[in-house]
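Here is the structure we will look at.
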Amino acid sequence: IQFTPDLLPADLIGTMIYNPREGSFGTRKGPIFANLILADEINRAPSKVQSALLEAMQEHQVTIGDETYPLEEPFLVLATQNPIEQEGTYPLPEAQVDRFMLKVVVDYPSKADERKVVDAVLDDIRRELQPVLEPSQLQEIKQTVATIYMDDKVKDYVLDIVAATRRPEEFRLKELKPLIQCGASPRASINLCLAARANAFLSGRGYVTPQDVKDIAFEVLR
């Protein structure tokens with residue numbers, strides 16, 4: 001979904017449409033009803049449109065009129081934003097940013113990767129995309145990740161990291177206090193644990209180590 005200044009919440013989640021023949025309203029679902037949503041340049045849409053994502057991201061459901069519709073699993077929202085150009089953009093509310101599990105900073109590509117991009121455009125290369133896995137397989141992977149063991153000491157390690165962003169002086173980090181506007185929320189604690197589990201899974205382990213937490217901490221806390 002290309003987010004633009006003229007986008008409306010109804011363009012995202014759907015709306016009630018009046019049917020004059022039947023004399024009743026029917027629901028027309030929006031593009032939010034999909035497994036994977038890419039909100040391209042999310043900060044170009046007004047805050048009302050951005051807020052329309054909140055219920056879908058947190059509750060995995062959408063309310064249109066007085067009806068609530070569950071979203072099909074798996075459901076995942078990806079978003080991009082241009083950090084350089086600020087004209088015609090709307091800052092994301094903290095409550096919305098907090099609902100994203102990870103924030104990944106994408107730098108310029110390497111020379112070799114950029115060469116591939118240039119060659120693909122100049123030679124008009126069109127590659128046929130092949131499915132990597134089915135939604136049911138993704139659900140099985142999700143269930144497997146949920147079984148990965150996380151020791152209480154690692155959970156306490158996560159909680160200490162999050163607490164240090166709120167009260168750095170208690171962790172002998174008082175020099176960080178002026179640099180932190182607001183500490184990480186309880187969602188950060190949850191997401192740091194979930195992301196550490198996923199990192200352990202990708203590393204082929206059935207248990208979480210402190211290094212898994214370190215590997216993913218910047219992306220979660222950011």
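Each residue takes its place number in the sequence, starting with 1. Only a predicted model underlies this, so the values are computations on that prediction, with no experimental measurement involved.
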* If you group Ile, Leu, Val, Met, Phe, Trp and Tyr by side-chain heavy-atom gaps below 4.5 Å, do Val49 and Leu71 land in one group? -> yes

* With a 4.5 Å heavy-atom cut-off, do Thr144 and Ile141 have their side chains touching? -> no

* Asked: Does Val106 reach the side chain of Thr80, with side-chain heavy atoms less than 4.5 Å apart?
  -> no

* Side-chain touch Asp11/Asp6, heavy atoms, less than 4.5 angstrom -> no

* Give a yes or no on this: more than 12 heavy atoms of other residues, nucleotides or ligands lie within 6.0 Å of atom CZ of Phe218. => no

* To do: Hey, could you give me the OG1/CG distance between Thr165 and Leu179, rounded to the nearest 0.5 Å?
  => 12.5 Å

* Donor-acceptor under 3.5 Å (Gln50 side chain, Ala45 main chain) -> yes

* Asked: Looking only at heavy atoms, what is the nearest atom pair of Phe33 and Pro70, with distance?
  -> CE2-O, 4.4 Å

* State, with a plain yes or no, whether a side-chain heavy atom of Met150 is found less than 4.5 Å away from one of Cys193. => yes

* Roughly how far, to the nearest 0.5 Å, is the CG atom of Leu12 from the CD1 atom of Ile37? -> 7.5 Å

* Which is it for Asp152 and Lys155 under the salt bridge (Lys or Arg N to Asp or Glu O under 4.0 Å) test, yes or no, and what are the steps along the way? -> CA-CA 5 Å; Asp152 287 343; Lys155 293 176 187 175; 3.8 Å; yes

* Looking at side-chain heavy atoms only, is the closest gap between Ile148 and Val208 below 4.5 Å? -> yes

* Asked: Taking all non-hydrogen atoms of both residues, which atom of Ala56 and which atom of Val62 are closest, and how far apart?
  -> CB-CG2, 4.2 Å

* To do: Decide whether Val158 and Leu202 are clustered together by the hydrophobic rule: side chain heavy atoms of Ile, Leu, Val, Met, Phe, Trp, Tyr closer than 4.5 Å, transitively.
  => yes

* **Contact summary for Ala10 and Thr15, nearest pair of heavy atoms** => CB-CB, 3.9 Å

* Between atom CD1 of Ile32 and atom OH of Tyr69, what is the distance when rounded to the nearest 0.5 Å? -> 15.0 Å

* To do: Quick one: closest heavy-atom pair of Ala196 and Ile216, and the distance?
  => N-CG2, 4.1 Å

* In Å, rounded to the nearest 0.5 Å, how long is the span from CZ of Arg197 to OG1 of Thr147? -> 7.5 Å

* Asked: Charged N to carboxylate O under 4.0 angstrom, Asp156 versus Lys153?
  -> no

* Is it the case that one hydrophobic cluster holds both Tyr149 and Leu192, taking links as side-chain heavy atoms less than 4.5 Å apart, direct or via other members? -> no

* Nearest atoms (heavy-atom pairs only) where Leu138 meets Pro74 -> CD2-CG, 3.7 Å

* Structure fact -> Taken to the nearest 0.5 Å, the spacing of Ile42 CD1 from Tyr90 OH works out to 14.0 Å

* Atom OG1 of Thr63 and atom CD1 of Ile13: how far apart are they, to the nearest 0.5 Å? -> 7.5 Å

* To do: Mark yes or no: Arg205 above the aromatic ring of Tyr207, with NZ or CZ under 6.0 Å from the six-membered ring centre and no more than 45 degrees from the axis.
  => yes

* **Under 3.5 Å donor-acceptor, Asp212 side chain and Thr209 backbone** => yes

* Asked: Considering residues, nucleotides and ligands other than Glu169, do more than 12 of their heavy atoms fall under 6.0 Å from its CD?
  -> yes

* To do: Following the transitive rule for hydrophobic clusters with a side-chain heavy-atom cut-off under 4.5 Å over Ile, Leu, Val, Met, Phe, Trp and Tyr, establish whether Leu194 and Leu102 coincide in one cluster.
  => yes

* Any side-chain donor-acceptor pair under 3.5 Å between Glu67 and Thr27? -> no

* Asked: Less than 4.5 Å apart, any side-chain heavy atom of Val77 and any of Arg99?
  -> no

* Structure fact -> His60 and Phe75 have their tightest heavy-atom pair at CE1-O, 3.8 Å

* Asked: Between the side chain of Arg166 and the main-chain N/O of Ala184, is any donor-acceptor distance below 3.5 Å?
  -> yes

* To do: State, yes or no, whether a side-chain contact exists between Tyr157 and Lys214 at a heavy-atom distance under 4.5 Å.
  => yes

* To do: Say whether Met101 and Ile190 are linked into one hydrophobic cluster, either directly or through other cluster members, by side-chain heavy-atom distances under 4.5 angstrom.
  => yes

